[in-house]
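It should be emphasised that the depicted structure is a prediction, and the values quoted were computed from it without experimental measurement.
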Amino acid sequence: MQKFSKPVLFYNTNLMMRWLPYALACSIFLAAADFFIKLATNKIASSMGMFLYGATTFTVGLIWVSYLKATGQSLLITPLGFLYAIAAGIAFSGVTILLYLTFAQISVSLGSPTIRVMGIVIASLFGILLLHEPFTWRYALGLVLTIAGVALIVLR
């Protein structure tokens, strides 16, 4: 478990510059996933959409692991890491099913921000409560503003 005594973002600019491009790229892929799920909704059964998502994810993962193996890079796996990875797969399966069901009923411009922002709030709270990450007044203010932002989106 990693503990930080002070907010890392403000004290290590080099660290921020290393992870920020990955986070931005991840945001783009996440937005694209929501967009394409919305386009697929009512054009494919949710179960088939999830199956194809899983097959695609498996194929990309297989290519990545094969590349790492072929180039002699580390393929670390511990029993606990294995269990957490399985839990993440189960969680993403739930996300996929629920995205199809949600987008069948509402617009992507309403559903996606609500789901993603509330997911961010909940994940952040998990970090604070379970991983003992720091909690500051700025963070609390950010949570309040984030939840207010979701309310504004939902009540538009």
Side-chain angles (χ1 to χ4, degrees), residues 1-41 43-104 106 108 111-136 138-140 142-143 146-147 149-150:
M1 175 171 16
Q2 190 174 14
K3 289 187 177 184
F4 299 105
S5 59
K6 46 192 166 184
V8 174
L9 181 63
F10 298 107
Y11 293 95
N12 191 340
T13 306
N14 289 335
L15 178 64
M16 183 180 75
M17 290 303 124
R18 284 194 307 241
W19 68 263
L20 192 56
Y22 294 120
L24 293 174
C26 183
S27 297
I28 292 167
F29 280 108
L30 201 52
D34 284 359
F35 179 73
F36 289 123
I37 288 174
K38 177 59 180 177
L39 292 178
T41 300
K43 294 174 186 69
I44 188 171
S46 297
S47 58
M48 283 304 297
M50 182 183 158
F51 175 77
L52 292 172
Y53 162 79
T56 304
T57 303
F58 176 79
T59 302
V60 171
L62 182 62
I63 292 167
W64 187 15
V65 167
S66 299
Y67 170 77
L68 293 176
K69 182 75 172 165
T71 57
Q73 297 182 48
S74 174
L75 293 173
L76 171 69
I77 188 166
T78 65
L80 198 53
F82 178 83
L83 291 175
Y84 287 148
I86 295 294
I90 292 168
F92 272 115
S93 295
V95 167
T96 303
I97 292 168
L98 293 169
L99 283 174
Y100 274 99
L101 295 174
T102 300
F103 290 152
I106 62 169
V108 72
S112 184
T114 304
I115 292 165
R116 299 304 180 182
V117 171
M118 291 311 296
I120 291 165
V121 169
I122 294 167
S124 296
L125 290 174
F126 283 170
I128 290 166
L129 298 174
L130 304 176
L131 302 178
H132 310 289
E133 295 174 357
F135 184 79
T136 65
R138 280 188 280 185
Y139 184 85
L143 276 180
T146 299
I147 293 169
V150 170

Spacing of CD1 belonging to I106 relative to CG belonging to L101, to within rounding of 0.5 Å: 11.5 Å
Measuring from L99:CG to F36:CZ, what's the distance to the nearest 0.5 Å? 14.5 Å
Correct closest heavy-atom pair for Y139 and L125 would be OH-N, 4.1 Å
Here's a test for you: under side-chain contact (heavy atoms from CB on, under 4.5 Å), which of T96, L98, T102 qualifies with Y100? T96
Least distance between heavy atoms, F103 atom then S112 atom: CE2-N, 3.7 Å
How many angstroms lie between atom OG1 of T136 and atom CD1 of I128, to the nearest 0.5 angstrom? 8.0 Å
So how far is it from I44 CD1 to L39 CG, rounded to the nearest 0.5 Å? 12.5 Å
Please walk me through it: do V150 and V121 pass side-chain contact (heavy atoms from CB on, under 4.5 Å)? CA-CA 11 Å; V150 170; V121 169; over 6 Å; no
Locate the shortest heavy-atom distance separating V108 from P113; write the atom from each residue and the value. O-CD, 3.5 Å
Roughly how far, to the nearest 0.5 Å, is the CZ atom of F58 from the CD1 atom of I63? 10.5 Å
Atom pair CG (L76) and CG (L68), whose distance is rounded to the nearest 0.5 Å: 12.0 Å
Is F126 atom CZ crowded by more than 12 heavy atoms from other residues, nucleotides or ligands, each under 6.0 Å away? no
